[in-house]
Amino acid sequence: MIYHGNRFTLRPDASPEQIEEALESLRTQGRVIPSVKSFVVGRDFGGEYEWGAVFVIEDLEGYWEYLIHPAHRNTDRVGLPLVDRFASFDITDDADPEMAAKIAELHQRRYDNDAELTKLVSDLGEYSGSAAPGKHGA
């Protein structure tokens, strides 16, 4: 299993309506993407971020489905412009020593095929995660 997590802090000028639209879009991802087996979206406690989401996915094939699904793309479109700080991470029980590289390759393929997404992520104040684009990858 792969537990794909996101932690983020929104810009101070994000309106309550924009925030709710972005959070609901994350919840929609969990409800409609077939490869998502379980999910949680909510407040992030015990760290430096305000919000978080975790999506449980069985394997790399399902992870790719999750990454390219239209519901995920919608969250990118409505949510990323509101984000100041963002961290993406994965936890897995798969013993494959190449798993980190395989996950990074999926993210890189997605960035390589989506210039708008790459710009949205590159323009964030702070970003950490697999295959981080732009200034965040240095």
Side-chain angles (χ1 to χ4, degrees):
M1 299 300 286
I2 302 166
Y3 285 67
H4 173 65
N6 299 301
R7 302 175 80 191
F8 53 96
T9 297
L10 300 172
R11 293 188 349 248
D13 62 341
S15 74
E17 295 79 18
Q18 289 173 309
I19 293 168
E20 184 50 39
E21 179 183 18
L23 295 173
E24 185 57 28
S25 187
L26 280 166
R27 292 181 198 108
T28 297
Q29 285 179 209
R31 290 190 292 263
V32 305
I33 299 175
S35 60
V36 173
K37 303 305 175 193
S38 179
F39 73 98
V40 61
V41 174
R43 287 284 186 181
D44 185 323
F45 298 107
E48 302 175 15
Y49 297 91
E50 296 174 322
W51 299 96
V54 176
F55 300 91
V56 181
I57 304 164
E58 285 187 47
D59 54 27
L60 291 170
E61 182 178 320
Y63 199 119
W64 180 245
E65 176 189 52
Y66 163 83
L67 287 174
I68 64 170
H69 194 280
H72 190 275
R73 183 65 188 109
N74 184 68
T75 301
D76 293 335
R77 183 183 58 77
V78 301
L80 286 174
L82 308 177
V83 172
D84 180 35
R85 300 174 55 238
F86 188 96
S88 171
F89 63 94
D90 298 286
I91 301 170
T92 183
D93 59 357
D94 191 311
D96 181 351
E98 299 299 316
M99 184 57 82
K102 290 175 181 178
I103 290 172
E105 187 277 326
L106 294 179
H107 284 277
Q108 187 63 58
R109 185 177 353 151
R110 184 167 176 245
Y111 291 131
D112 289 346
N113 291 303
D114 191 336
E116 182 182 350
L117 169 67
T118 301
K119 178 165 178 19
L120 285 169
V121 174
S122 295
D123 289 347
L124 295 176
E126 180 183 308
Y127 176 85
S128 64
S130 295
K135 66 183 179 188
H136 307 297

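- Centroid-to-centroid, the aromatic rings of Tyr49 and Phe8 stay 6.0 Å apart or farther.
- Judged by the 6.0 Å and 45° rule, Arg7 forms no cation-pi pair with Trp51.
- Between Arg43 and Glu50 there is no salt bridge, since none of the side-chain N atoms of the basic residue sits less than 4.0 Å from a carboxylate O of the acidic one.
- With a 4.5 Å cut-off on side-chain heavy atoms, His69 and Val32 count as touching.
- Neither Leu80 nor Val78 shares a network with the other; the hydrophobic side chains, linked directly or stepwise wherever heavy atoms of I, L, V, M, F, W or Y lie under 4.5 Å apart, form separate groups for each.
- Under the 6.0 Å distance and 45° angle rule, Arg110 does not count as a cation-pi partner of Trp64.
- Glu20 has a carboxylate O that lies under 4.0 Å from a charged side-chain N of Arg27, or vice versa, which qualifies the two as a salt bridge.
- For Arg77 and Glu116, the salt-bridge test fails: no basic side-chain N is under 4.0 Å from an acidic carboxylate O.
- Residues Val54 and Ile57 are members of separate hydrophobic clusters, defined by side-chain heavy-atom contacts under 4.5 angstrom among Ile, Leu, Val, Met, Phe, Trp and Tyr.
- Taking hydrophobic clusters as Ile, Leu, Val, Met, Phe, Trp and Tyr residues chained together by side-chain heavy-atom distances below 4.5 Å, Tyr3 does not share a cluster with Phe39.
- Under a hydrophobic clustering in which Ile, Leu, Val, Met, Phe, Trp and Tyr are joined whenever their side-chain heavy atoms come within less than 4.5 Å, directly or via other members, Tyr63 and Ile91 fall into different clusters.
- Under the 4.5 Å side-chain heavy-atom criterion for grouping Ile, Leu, Val, Met, Phe, Trp and Tyr, Leu67 is not connected to Val56 through any hydrophobic cluster.
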### Message
The test is side chain to side chain donor-acceptor pair (under 3.5 Å); show your working for Thr9 and Asp84 and say whether it passes.
### Response
CA-CA 6 Å; Thr9 297; Asp84 180 35; over 6 Å; no
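- Under the 4.5 Å side-chain criterion, counting only non-hydrogen atoms from C-beta, Ile2 is not in contact with Asp59.
- Glu48 is listed as a side-chain neighbour of Arg85, based on a closest heavy-atom distance under 4.5 Å.
- The aromatic ring centroids of His72 and Phe55 lie 6.0 Å or more from each other.
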